[in-house]
Amino acid sequence: MAPKNEKVVFLKLEKLRETIEQYNFAYYVLDDPVASDSEYDRLMRQLEALEEKYPNFSVLNSPSQRVGVRPIREFKEVRHGLPMLSLENALSKTELANWLDRRVKRPLKAVEVAGTDIDFAAEPKLDGAAVSVRYEKGLLVLGCTRGDGNIGEDITHNIRTIRAVPLRLKGRHPPSVLEVRGEVFMPKANFMEYNAQALEKDEKLFVNPRNAAAGSLRQLDPRLTAQRPLDIFFYGIGDVSGWNTPDSHSELLKKLRDFGLKTCHDSKIVKGLQGCLDYYSSISKKRDDLPYEIDGVVYKVDSLRIQSELGLSRRHPNWAVAHKFPPQEEITIVKSIEFQVGRTGALTPVARLHPVFVGGVTVSNATLHNVDELKRIDIRVGDSVIISRAGDVIPKIVKVLRERRPKNASIVDAPRSCPICSSDTIRAEGETVVRCGGGLICLAQLKER
Ligand code: IVH
């Protein structure tokens with residue numbers, strides 16, 4: 001090819017890539033499309049055709065290359081330049097007030113801001129999978145999971161398939177290194193739609209949007225990840241060089257947006273404890289209408305100078321806290337009460353329930369500790385009960401709704417014989433536990449041992 005012609009092709013390719021990435025940005029980051037699907041497809045086909053014809057000019061950071069062609073063999077380990085910490089939790093107003101005193105106000109005593117209401121950047125606590133994405137000279141070079149906080153897995157091949165993640169930062173002077181941290185999630189509507197289709201195709205369903213996001217990111221084949229409707233919000237930075245870090249977290253988020261990185265629109269600057277609590281209640285009210293799943297809100301001291309003064313503890317930053325929502329509850333009906341036999345022969349009652357979606361998962365069983373519990377909470381087959389499931393803990397029956405009890409609700413007693421081996425059951429004096437007396441002739445006990 002003559003050098004002149006070569007230059008024309010090169011410029012044409014660059015122009016196509018830029019336009020397609022602009023369309024992606026408008027569609028996936030701004031939620032405000034600037035081109036029709038057919039126009040987008042036409043440009044993408046043109047780009048692919050040109051790249052095929054001139055393979056010397058094809059680059060990894062082209063929008064045509066988002067979905068790699070081959071699965072990777074295994075995940076490589078990546079040590080994070082700066083650890084990816086987790087947040088301390090506050091489960092109530094009192095815990096939040098204590099956190100504020102202990103971690104922020106007291107340590108700042110000597111400093112001028114101690115007496116005043118500190119500015120916090122308040123954000124939804126997204127329920128997805130934390131990732132770190134590294135840009136060098138504006139180009140995406142690495143994406144990884146949080147892992148244990150120090151070492152994560154290299155999931156670059158999958159991160160690149162998420163259209164809301166720019167392959168190249170916007171702006172003329174990108175930092176030499178910019179590591180951004182954020183949460184990959186599957187929007188609620190996409191999660192429901194995905195599961196509805198999976199059900200039709202007889203494929204495995206996702207338990208909740210968080211699992212959907214985490215599972216999709218841990219695929220070896222990027223072509224699978226590319227089919228999952230994933231989205232991202234960035235909320236912080238890691239390793240950075242060649243950049244003047246802004247003075248506050250809110251400024252930082254603005255700068256990230258200028259780079260074309262998507263941030264959450266529901267964040268806000270609030271003042272002191274009262275400001276945090278007001279934000280918490282306003283987000284709680286909006287929670288069900290938000291298009292993404294959250295399990296609380298996060299408050300971060302807005303000033304980066306104060307953040308660095310407060311510093312880090314071993315696992316958490318001292319300048320941020322997660323204010324979690326209370327456990328989620330749902331009402332359902334007890335279909336039956338059965339007994340499971342454990343390793344020691346102990347019989348544990350299990351309530352089989354009409355399946356309900358609570359706290360992000362479908363619950364159809366709840367254990368009841370021991371036979372005395374049956375009497376204590378007076379639970380019967382046919383009863384309506386309140387099931388609670390907080391974040392990632394085991395579902396619990398928190399209340400039996402006596403006022404809803406049907407006339408034919410039936411009491412269940414501890415069985416006289418083992419449901420597995422039919423040996424007589426025994427209950428020692430003063431013990432709450434009923435056991436199978438079969439010892440090792442009982443398959444349940446043998447198996448468990
Ligand atoms: S900041 C050093 N902001 O919560 C601070 N985290 O327990 C690091 N998360 O692993 C986190 N939404 O996956 C931050 N707006 C938000 C968040 C958020 C969700 C997750 C994140 C992290 C966990 C912390």
- prompt: Any side-chain heavy-atom pair from I294 and D127 closer than 4.5 angstrom?
  reply: no

S423 side-chain N/O to C436 backbone N/O, donor-acceptor pair under 3.5 Å: no

- prompt: Roughly how far, to the nearest 0.5 Å, is CG of N195 from CD of E200?
  reply: 12.0 Å

Presence of salt bridge, R181 and E179, under 4.0 angstrom: yes

- line: Tightest non-hydrogen contact, residues C144 and I155, listed as CA-CG1, 3.7 Å

- prompt: Taking everything shown except Y28 itself, do over 12 heavy atoms lie less than 6.0 Å from its OH?
  reply: yes

Under 3.5 Å: donor-acceptor pair, side chain of N158, backbone of L217: yes

task: For D295 and R210, run salt bridge (Lys or Arg N to Asp or Glu O under 4.0 Å): C-alpha distance rounded to whole Å, both residues' side-chain angles, the deciding distance at 0.1 Å, then the answer.
output: CA-CA 11 Å; D295 60 348; R210 173 164 27 100; 5.8 Å; no

task: Check the pair Y40, I20 against side-chain contact (heavy atoms from CB on, under 4.5 Å), reporting the backbone distance first and the verdict last.
output: CA-CA 7 Å; Y40 180 92; I20 294 175; 3.8 Å; yes

When the side chains of residues 409-420 are checked against the rest of the protein, which donor-acceptor pairs come out under 3.5 Å, sequence neighbours left out?
none

task: Search all heavy atoms of V381 against all heavy atoms of S336 and return the closest pair with its distance.
output: CG2-CA, 4.0 Å

query: Is it true that R405 and D383 make a salt bridge, defined as a side-chain N closer than 4.0 Å to a carboxylate O?
result: yes

field: Within-4.5 Å side-chain heavy-atom neighbours: L230 and T225
entry: yes

message: Applying side-chain hydrogen bond (donor to acceptor under 3.5 Å, both in side chains), can you list everything that pairs with R376, at least two apart in sequence or on another chain?
response: E373

query: If you take all heavy atoms of S86 and P317, which pair is closest and at what distance?
result: O-CD, 3.3 Å

- prompt: Given side chains that start at C-beta, do those of R160 and P222 come closer than 4.5 Å, heavy atoms only?
  reply: no

message: Would you say CD of E74 has more than 12 non-hydrogen atoms from neighbouring residues, nucleotides or ligands within 6.0 angstrom?
response: no

task: Sort and list the pairs that fulfil ring pair (Phe, Tyr, Trp, His ring centres under 6.0 Å) and have at least one residue in residues 277-314, not counting sequence neighbours.
output: F185-Y292, F233-Y292, Y280-H323, Y280-F325, Y299-H323

message: Surrounding NZ of K76 (heavy atoms of other residues, nucleotides or ligands, distance under 6.0 Å), is the total greater than 12?
response: no

S384 side chain to R404 side chain, donor-acceptor N/O pair below 3.5 angstrom: no

message: Taking salt bridge (Lys or Arg N to Asp or Glu O under 4.0 Å) as the definition, give me every residue that meets it alongside E183, ordered by chain and number, with sequence neighbours left out.
response: none

- prompt: What distance do E251 atom CD and S303 atom OG have between them, rounded to the nearest 0.5 Å?
  reply: 11.5 Å

task: Would you check, one step at a time, whether the test side-chain contact (heavy atoms from CB on, under 4.5 Å) holds for L220 with F75?
output: CA-CA 8 Å; L220 291 170; F75 294 103; 3.7 Å; yes

query: Which value, rounded to the nearest 0.5 Å, describes the distance between K335 atom NZ and N365 atom CG?
result: 9.0 Å

query: Does atom CZ of R102 have more than 12 heavy-atom neighbours, drawn from other residues, nucleotides or ligands, at distances under 6.0 Å?
result: yes

- request: Kindly indicate whether the side chain of P246, heavy atoms from C-beta on, has any atom under 4.5 Å from the side chain of K255.
  value: yes

- prompt: Does the D302 side chain pair with the main chain of H249, one donor and one acceptor, at a distance under 3.5 Å?
  reply: yes

field: Over 12 non-hydrogen atoms of neighbours within 6.0 angstrom of CG in D247
entry: no

query: Does anything in residues 422-437 pair up under salt bridge (Lys or Arg N to Asp or Glu O under 4.0 Å), and if so which pairs, sequence neighbours excluded?
result: D372-R427, E431-R435

message: My understanding is that only residues two or more places apart in sequence, or in another chain, count here; which of them pass salt bridge (Lys or Arg N to Asp or Glu O under 4.0 Å) with E136?
response: R134

message: Between Y23 and V34, is there a side-chain heavy-atom distance shorter than 4.5 Å?
response: yes

query: Above 12 or not: heavy atoms from other molecules or residues under 6.0 Å from NZ of K188?
result: yes

task: Apply the test salt bridge (Lys or Arg N to Asp or Glu O under 4.0 Å) to residues E123 and K300: give CA-CA distance (whole Å), side-chain angles for both, the deciding distance (0.1 Å), then the verdict.
output: CA-CA 8 Å; E123 304 172 348; K300 300 171 181 173; 2.9 Å; yes

Test item: Q219 and Q227 side chains (from C-beta on) under 4.5 Å apart, heavy atoms: no

task: Would you please name every residue forming a side-chain hydrogen bond (donor to acceptor under 3.5 Å, both in side chains) with R168, sequence neighbours left out?
output: none

- request: Decide whether N61 and Q65 meet the rule of one side-chain donor and one side-chain acceptor closer than 3.5 Å.
  value: no

query: Where is the tightest heavy-atom contact between G272 and F120, given as atom of each residue plus distance?
result: N-CD1, 4.2 Å

- request: Compare all side-chain heavy atoms of E88 with those of R103 and state whether any distance is below 4.5 angstrom.
  value: yes

query: Atom CZ in R257, atom OG1 in T263: separation rounded to 0.5 Å?
result: 3.5 Å

task: Could you grab the distance from atom OG of S248 to atom CG of D119, nearest 0.5 Å is fine?
output: 9.0 Å

message: Counting the benzene-type ring for Trp, do F259 and W243 have ring centres under 6.0 Å apart?
response: yes

- line: Applying salt bridge (Lys or Arg N to Asp or Glu O under 4.0 Å) to D231 and not counting sequence neighbours gives K262

message: E21: which residues meet the side-chain hydrogen bond (donor to acceptor under 3.5 Å, both in side chains) condition with it, sequence neighbours left out?
response: N24, R66

task: Taking all non-hydrogen atoms of both residues into account, name the closest pair between P229 and M186 and its distance.
output: O-CG, 3.5 Å

Interatomic distance, I118 atom CD1 to W319 atom CH2 [nearest 0.5 angstrom]: 13.5 Å

Qualifying salt bridge (Lys or Arg N to Asp or Glu O under 4.0 Å) pairs with a residue from residues 351-365, counting only residues at least two apart or across chains: E338-R352

Derivation of the side-chain contact (heavy atoms from CB on, under 4.5 Å) call for K286 and D266: CA-CA 10 Å; K286 283 206 275 185; D266 300 292; 3.6 Å; yes

Counterpart residues, salt bridge (Lys or Arg N to Asp or Glu O under 4.0 Å), relative to E153 (two or more places apart): R218

message: Taking the side chain as everything from C-beta on, heavy atoms only, tell me whether H316 gets closer than 4.5 Å to L85.
response: no

side-chain contact (heavy atoms from CB on, under 4.5 Å) assessment of V334 paired with L353: CA-CA 5 Å; V334 179; L353 309 165; 4.1 Å; yes

Whether H80 side chain and T145 backbone form a donor-acceptor pair below 3.5 Å: yes

message: Restricting to side-chain hydrogen bond (donor to acceptor under 3.5 Å, both in side chains), what partner residues turn up for N370, sequence neighbours left out?
response: none

- prompt: Looking only at heavy atoms, what is the nearest atom pair of A130 and Y235, with distance?
  reply: CB-OH, 3.9 Å

